[in-house]
Chemist: 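Have a look at this one.
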Amino acid sequence: MITGFVKMHGCGNDFVVLDGRAAALGITPARAAALADRRRGVGCDQLIIIEPAPEGSGADAFMRIRNPDGAEAGACGNATRCVVEMLARETGRRHQVIRTVAGNLPADLLDDGRVTVDMGPAGLNWTDVPLARRMDTLHLDLALGAVADPAACSVGNPHATFFVADVDALPVAALGPALEVDPLFSERANIGFAQVLAPERVRLRVWERGAGLTLACGSGACAALVNAHRRGLTARRATVLMDGGELEISWRDDGHVLMTGPVVTAFSGSVDLAAYPA
C-alpha cells in the first residue's frame, strides 16, 4: 500500500505525518516503530496519523500520535501545530480544532506563520498526572544523582520538571531513562530539566517518554512553565528555550495553557506501508 507522507518539525521535534482520513492505513505499534526508525524507516520523533474527527466532537480532524517505540501518546504540542498548519492551508481556515485522545485542542494559524494551540487546562492533582500514590505534585519525593524535588503536572501527557542551576551541565541522556520509568509514574513520564534564566525566560531539555532526548517538546515546555510559576520562579508567561528553538508559553488564569511556535515542512514523499511489519 503506497501512501504519501509529509516530514515536518516544530523547533526540531520532527514528525512523519500520514493522512488516514480517506481510508484506514493499518498503522500498528510495530509498523509505527518501524517507520519511525531513522535507519530503516523514514525516521522521526513521532509518527502522526490524521484521521476523521469523531462524530459530534466539534473537531476538524483527529490526530493519532505514535512514539518511536510504537506506544500511543496523549498529546503533542509541536505535532499539533504542524497538523493545524497543514489543515489551514488545505481549507483556507486559520482556526482549526484538533481532536486527540486527550481531548480537543483549538488552534490558530497566525499571520507570521506560527501557530497558537490551546493545550487545555493543566492537570495538577496526583491522579491527573497520574502518580502511583497520593503525593503533593508541587514537590515529588523523587531524586536521582544531582537532581531532586521535581514538580509534576499533566498537559495531555504526564510531566515531571526538575529545576536546576545549569541544565547544559546535566547528563540528561543518563538521567532520563531511569526517571521515565520510576515506579512513581503509573504510565511512565516525560522528564524535564529546567533552568530559570529570568522571570520570563526558561532553558529546558526534555527526555520524552518513549522517544528519548528530543530537540523540543511542546507539552514539556507547557509543563515547565506551569510548574515554574507554581514554584514562584516565573511569571504566567515565558519564552522557553530548547535545543531546537523557542516556544512562547502562557498559563491563563482559567487554567488553560497556550503554546505558540513555528512550523516547518521539510519534505514530502511516499512509502510502501506493506514493506513494514504489521
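Along the sequence shown, residues carry numbers from 1. Model, not experiment: these values are computed from the prediction.
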Chemist: Checking the side chain of Arg94 only, and the main-chain atoms of Leu109 only, is there a donor and an acceptor separated by less than 3.5 Å?
Modeler: yes

Chemist: In terms of side-chain geometry, is the basic nitrogen of Arg201 or Glu248 positioned less than 4.0 Å from the acidic oxygen of its partner?
Modeler: no

Chemist: Below 4.0 angstrom, N of the basic side chain to O of the carboxylate: do Arg237 and Glu200 qualify?
Modeler: no

Chemist: Within a 6.0 Å radius of atom CG on Asp141, are there more than 12 heavy atoms belonging to other residues, nucleotides or ligands?
Modeler: no

Chemist: So if I apply the side chain to side chain donor-acceptor pair (under 3.5 Å) rule between Asp14 and each of Gln46, His9, Arg38, which one comes out positive?
Modeler: Arg38

Chemist: Atom CG in Leu241, atom CG in Leu204: separation rounded to 0.5 Å?
Modeler: 9.5 Å

Chemist: Counting neighbours of CZ on Arg236 that are heavy atoms of other residues, nucleotides or ligands and sit closer than 6.0 Å, is the number greater than 12?
Modeler: yes

Chemist: Quick one: ring-ring contact (aromatic ring centres under 6.0 Å, His included) pairs with a partner in residues 169-194, sequence neighbours left out?
Modeler: Phe162-Phe193

Chemist: Below 4.0 angstrom, N of the basic side chain to O of the carboxylate: do Arg209 and Glu180 qualify?
Modeler: no

Chemist: What pairs with Asp272 under side chain to side chain donor-acceptor pair (under 3.5 Å), at least two apart in sequence or on another chain?
Modeler: none

Chemist: Identify whether the distance between the nearest side-chain nitrogen and carboxylate oxygen of Arg81 and Asp108 falls below 4.0 Å.
Modeler: no

Chemist: Any ion pair linking Asp45 and Arg66 (charged N to carboxylate O, less than 4.0 Å)?
Modeler: no

Chemist: Ignoring hydrogens and angles, tell me if any N or O in the side chain of Thr28 forms a donor-acceptor pair with the backbone of Ala278 under 3.5 Å.
Modeler: yes

Chemist: Checking Arg64 against Glu72 for the salt bridge (Lys or Arg N to Asp or Glu O under 4.0 Å) test, could you report, in this order, the C-alpha distance in whole Å, the side-chain angles of both residues, the deciding distance, and whether it holds?
Modeler: CA-CA 8 Å; Arg64 195 170 302 280; Glu72 192 165 358; 2.7 Å; yes

